[in-house]
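See below for the structure under consideration.
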Amino acid sequence: MALSSVLLTTGCGSSEESGRDAKATAGVPTGFPITVDNCGVKTTYDRPPSRVVTIHQHPAELMLALGLRDRMVGTAFPDSAVLPELKKDYEAIPELAAREPSFEKILDAEPDFVYGGYGSAFAENEGRSRKAFADAGIDTYLNREYCGKKQVTMEDAYDEIRTIGKVFGVPDRADKLVADLEGRVGKATGKVEGEPEVPVFVYDSGDKSAFTAGGKSLGTELIRLAGGENVFADLDDVFGDVSWEQVVERRPEVIAIYDYAGAGSVEEKKKFLLSQSALADVPAIRNKRFVVLPLTATLVGIRSAYAVDDLARGLHPESFR
């Protein structure tokens, strides 16, 4: 999945953006102040943040795809291989922790903005509540997938990119990136238009029960766009546990395996699923039909457009021959 054409454009910036940056040094930047309502937290920005810590990988990749490497002072919790186009920049940013860093560790980086990918980024019981950061004079932003109000869609992914673009004073870059991603989704959906929906079970992890993507997850939308149906779309959450008996009852024809660090390799997950006698008659198991997706590709961010293409090819391979 190559973002090179977009990154080259966004990384250099346009003459308009250069003029904006010049104006920023003289006073209030063009387009500011702006007020953003994020998951019920309203924040007014008088100027773009300049020292950013991202918690979880997908916010970091979104920032880098918008050419904002120079604003980033720390990352945390990588869970998939970083996109090749972003790898060099990503590795140049200090990694504060392998998982969520402590509140104190984040403060040590002296950020003025913390961007979290999962709700756990701002876990109150670990001292990282958004209020705690606000009290320390630090603005926060939570990926909208964890606002918890509704099922997220690709429009939420595009809106997330545009909102971050506005917050950082680079709306033109955000618009170009969104246009590229919309084009990629359109090509994939066009290939599978009119094809029958394929029942899909998402296997994230778990042995005694299955941890899967629910109806509020972007994964459900990605499966739909790719010509499938999440068999647990009725689960009223982003992720949740279901029983193996339920998996058997819903007879998925394809299993989408989410791949990320710390949850076992893809081969280990396949071996486990194929070894379960209770699953032997599930069509996806019987026919060994698996689609593998990096977890970061199934979340609100820059990779979700590519996940639609990967899923569509796995669900309807005949449409891509």
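FYI, side chains are in, hydrogens and waters are out, and symmetry mates aren't considered; it's all heavy atoms of this structure. Along the sequence shown, residues carry numbers from 1.
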Polar side-chain atom of Arg71 near backbone of Ser50 as donor-acceptor pair, under 3.5 Å: no
Flag yes if Val53 and Val36 sit in one hydrophobic cluster, no otherwise; membership is Ile, Leu, Val, Met, Phe, Trp, Tyr, and two members link when side-chain heavy atoms are under 4.5 Å apart. yes
Quick check: closest heavy atoms across Ala121 and Gly117, and the distance to 0.1 Å? CB-N, 4.4 Å
Could you tell me if the ring centre of Phe211 sits under 6.0 Å from that of Phe239? yes
Answer whether the closest heavy-atom distance between the side chains of Glu160 and Leu62 falls below 4.5 Å. yes
Where the side chain of Gln57 meets the backbone of Asp79, is there a donor-acceptor pair that is under 3.5 Å apart? yes
Side-chain contact test, heavy atoms from C-beta onward, threshold under 4.5 Å: evaluate it for Glu145 versus Asp156 and give yes or no. no
Is the NZ atom of Lys270 crowded by more than 12 outside heavy atoms at less than 6.0 Å? yes
Evaluate the side-chain contact (heavy atoms from CB on, under 4.5 Å) criterion for residues Val73 and Ile93: first the C-alpha distance (whole Å), next the side-chain angles of each, then the deciding distance (0.1 Å), finally the verdict. CA-CA 6 Å; Val73 296; Ile93 305 165; over 6 Å; no
Which pairs pass ring-ring contact (aromatic ring centres under 6.0 Å, His included) with one or both residues in residues 252-284, sequence neighbours excluded? Trp244-Phe272
Close side-chain approach of Val247 and Phe232, heavy atoms under 4.5 Å: yes
Do Pro317 and Arg289 have side chains that approach each other closer than 4.5 Å (heavy atoms only, starting at C-beta)? yes
Test item: Arg128 side-chain N/O and Ser120 main-chain N/O as donor-acceptor pair under 3.5 Å: yes
Which atoms form the tightest heavy-atom contact between Ala280 and Arg286, and what is the distance? O-CB, 3.9 Å
For the CG atom of Leu279 and the CD atom of Glu245, what is their distance to the nearest 0.5 Å? 9.5 Å
Side chain to side chain donor-acceptor pair (under 3.5 Å), that's the test. Do Ser80 and Arg303 meet it? Break it down for me. CA-CA 12 Å; Ser80 300; Arg303 291 209 206 186; 5.5 Å; no
Could you give the distance from CG (Leu142) to CZ (Phe122), rounded to the nearest 0.5 Å? 6.0 Å
Which label fits Phe113 and Tyr115: parallel for a plane angle under 30°, tilted from 30 to 60°, or perpendicular past 60°? perpendicular
Straight-line distance of Arg173 CZ to Ile164 CD1, nearest 0.5 Å: 14.0 Å
Side-chain contact test, heavy atoms from C-beta onward, threshold under 4.5 Å: evaluate it for Val52 versus Leu68 and give yes or no. no
Arg99 atom CZ, over 12 foreign heavy atoms within 6.0 Å: no
Going by an N to O cut-off under 4.0 Å, is there a salt bridge joining Glu318 and Arg321? no
Do Thr163 and Arg144 have side-chain heavy atoms sitting under 4.5 Å apart? yes
Report the C-alpha distance between Phe103 and Phe133 in whole Å, list the side-chain angles of each, state the deciding distance to 0.1 Å, and finish with yes or no for ring-ring contact (aromatic ring centres under 6.0 Å, His included). CA-CA 8 Å; Phe103 183 71; Phe133 283 110; 4.9 Å; yes
One pair to check against side-chain contact (heavy atoms from CB on, under 4.5 Å): Lys187 and Asp309. What are the steps and the verdict? CA-CA 8 Å; Lys187 286 180 182 178; Asp309 183 73; over 6 Å; no
Quick one: CZ on Arg69 to NZ on Lys88, what's the gap to the nearest 0.5 Å? 11.0 Å
Under a 4.5 Å side-chain heavy-atom rule over Ile, Leu, Val, Met, Phe, Trp and Tyr, are Ile55 and Leu295 clustered together? yes
Is Ser275 reaching over with its side chain to a backbone N or O of Lys271, donor-acceptor style, under 3.5 angstrom? yes
Applying side-chain contact (heavy atoms from CB on, under 4.5 Å), run through Asp89 and Met72 and close with a yes or a no. CA-CA 10 Å; Asp89 281 344; Met72 300 173 69; over 6 Å; no
Side chain Tyr203, main chain Gly206, donor-acceptor under 3.5 Å: yes
Spell out, yes or no, whether Val254 and Val192 are grouped together once hydrophobic residues are joined by side-chain heavy atoms under 4.5 Å, including indirect joins. no
Would you say Ser304 and Leu299 make side-chain contact, with heavy atoms under 4.5 Å? no
Let me check something: do Leu66 and Phe168 share a hydrophobic cluster, defined by ILVMFWY side-chain heavy atoms less than 4.5 Å apart, either directly or through other members? yes
Backbone N or O of Tyr306 within a donor-acceptor pair of the Arg184 side chain at under 3.5 Å? no
Measure from the side-chain N and O atoms of Asn230 to the backbone N and O of Ala213, and report whether any donor-acceptor pair falls under 3.5 Å. yes
Compare every heavy atom of Ala307 with every heavy atom of Ala297, then report the nearest pair and how far apart it is. O-CB, 3.2 Å
Supply the atom-to-atom distance Glu100 CD to Ile106 CD1, rounded to the nearest 0.5 angstrom. 9.0 Å
Evaluate Thr35 against Thr44 for side chain to side chain donor-acceptor pair (under 3.5 Å), listing each step before the verdict. CA-CA 4 Å; Thr35 298; Thr44 298; 2.8 Å; yes
With sequence neighbours excluded, give me every ring-ring contact (aromatic ring centres under 6.0 Å, His included) pair touching residues 46-70. His56-Phe77, His56-Tyr118, His58-Tyr118
Those residues that, when tested against Phe320, pass ring-ring contact (aromatic ring centres under 6.0 Å, His included) (two or more places apart): none
Within the structure provided, determine whether Arg250 and Asp234 are in side-chain contact (heavy-atom separation under 4.5 Å). yes
Hey, is the main chain of Ser265 close enough, under 3.5 Å, to the side chain of Glu268 for a donor-acceptor pair? yes
Residue pairs passing the salt bridge (Lys or Arg N to Asp or Glu O under 4.0 Å) test with at least one member in residues 103-112, sequence neighbours excluded, are none
Reported CG-to-CG distance for the pair Asp204 and Leu293, which is rounded to 0.5 angstrom: 11.5 Å
Does the salt bridge (Lys or Arg N to Asp or Glu O under 4.0 Å) test come out yes or no for Lys208 and Asp241, once each step is laid out? CA-CA 10 Å; Lys208 291 181 172 53; Asp241 288 298; over 6 Å; no
Cluster overlap Val114 with Leu107, hydrophobic side-chain contacts below 4.5 Å: yes
Residues which pass ring-ring contact (aromatic ring centres under 6.0 Å, His included) with Tyr90, listed by chain and number, not counting sequence neighbours: none
Heavy-atom neighbours of Asp207 CG exceed 12 at 6.0 Å: yes
Pairing of Asp175 and Arg162 as salt bridge, 4.0 angstrom limit: yes
Output yes when Lys176 and Asp180 qualify as a salt bridge under the 4.0 Å nitrogen-oxygen rule, no when they do not. no
Working note: Ile257 + Ile255, criterion side-chain contact (heavy atoms from CB on, under 4.5 Å); need CA distance, chi angles, decisive distance, verdict. CA-CA 6 Å; Ile257 295 178; Ile255 295 176; 4.1 Å; yes
Backbone of Val300 reached by a side-chain donor or acceptor of Asn143 within 3.5 Å: yes
According to side-chain hydrogen bond (donor to acceptor under 3.5 Å, both in side chains), who are the partners of Asn38, at least two apart in sequence or on a separate chain? Arg130
